[in-house]
Amino acid sequence: MQIAGALLAGVVATLLVSCAPKTEQAQGDAASLVRNAWMAYRLGEYQNAIQDFTTVRSMTEKGSDEWAMATYGLGITWDLRRPGENPRLATQLYHEVLNAAADAPIAPWAELALARQLHLVPVGQEPDYDAVNAAYQKIVDTYPDHLAAKEAFLYLESIQLAKLEPVSSKASAERLLNFIRQDPGKAEFVGPAYSLLSVAYVTLDDQENRLHVEQEAFEHTETDPTDPSVEFAWAYWNLATIAEFEVGDFDLARSYYTALIKEYPNDIRVHGSKQALKRMDALEARLLAEEEER
């Protein structure tokens, strides 16, 4: 799950509005540089992001909201850039935020970034799940109702669901359903919550509920209308195959196969979708013929 990446732009925009530098000139300069830095980060222009975040750190008072934002941004850039990442430096920067600006709006996100570092270990290593769970739970307990706490909650549930155990999956499904009921307006979190529910229902072999939550996850997908890479061919295929093979709802399956064919005529799955339509038609015709013979 890459929830943090999807929420980054919104968090930054909110915090920029809440920042209050010493002068209007400083506010304009710092805000502009931070916006530029995040844009550069999103575009993979990491050196430009590092330069702008570093400049804001040098021009603002240590411990201020603007300084904390730039320090966190610099940490994220060193943490998540590929290639050339430096997670140790990122860890140091996150701790700087928490030590010098514990009350800054970005502080919960810095703490979440540290928890993510515990969770996302290099290939071949196993996370210390006791430490990871404790780190996420601390965020949930310390910042109730904060976006970072809600994200931490979803990571906690993903750990439980990864066990693929019916008992823990059922308990996780109940918590996720309660989360969705309490927070229906937060599309950026409801969508991932429904996706996690799908994992639970696969483990529980509850295909009808799986189909339902997959549909809900699709309906709550948050997209950037300016991103030309956004497409839903795979989502249509996924929903169609679940409807056809797991639930036996041919009408619903047809609607998704047809949408895929119409909206993405050059997709590699178009041939399979056309074959699926023929397959369902043939099966229904055979079953109808057998019924008429009785």
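Computed from a predicted structure; not experimentally measured.
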* Decide yes or no on side-chain hydrogen bond (donor to acceptor under 3.5 Å, both in side chains) for Glu219 and Tyr194, but give the supporting numbers first. => CA-CA 10 Å; Glu219 293 297 324; Tyr194 276 120; over 6 Å; no

* To do: Take Tyr94 and Gln117 through the test side-chain hydrogen bond (donor to acceptor under 3.5 Å, both in side chains) and record every step on the way to the result.
  => CA-CA 11 Å; Tyr94 299 146; Gln117 286 189 319; 5.0 Å; no

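A distance of 9.5 Å separates CG of Leu239 from CZ of Arg210, quoted to the nearest 0.5 Å. For the atom pair OG1 (Thr258) and NZ (Lys274), the distance works out to 11.0 Å, reported to the nearest 0.5 Å. Distance CD/Glu208 to CD/Glu246: 11.5 Å, rounded to 0.5 Å.
Considering all non-hydrogen atoms of both residues, Ala233 and Leu260 come closest at O-CD1, 3.3 Å.
For the pair Thr71 and Val56, the minimum side-chain heavy-atom distance is 4.5 Å or more. Annotation: side chain of Arg81 is in contact with side chain of Gln47 (closest heavy-atom distance under 4.5 Å). Using a 4.5 Å heavy-atom cutoff, the side chains of Thr203 and Leu161 are not in contact.
Dense packing is recorded around NZ of Lys163, with more than 12 heavy atoms of other residues, nucleotides or ligands lying under 6.0 Å away. Environment of CG in Asp141: crowded, with over 12 heavy atoms of neighbouring residues, nucleotides or ligands closer than 6.0 Å. Atom CD1 of Ile268 has 12 or fewer heavy atoms from other residues, nucleotides or ligands within 6.0 Å. Open room surrounds CE on Met39; 12 or fewer heavy atoms of other groups in view lie less than 6.0 Å from it.
Listed for the Thr221 side chain is a donor-acceptor partner under 3.5 Å among the backbone atoms of Ala217.
Trp38 has its ring centre less than 6.0 Å from the ring centre of Phe53.
His119 and Tyr136 share a donor-acceptor pair across their side chains, judged by distance under 3.5 Å alone. Ser198 and Glu214 share a donor-acceptor pair across their side chains, judged by distance under 3.5 Å alone.
With Tyr264 as the aromatic partner, Arg269 does not meet the cation-pi criteria of under 6.0 angstrom to the ring centre and within 45 degrees of the ring axis.
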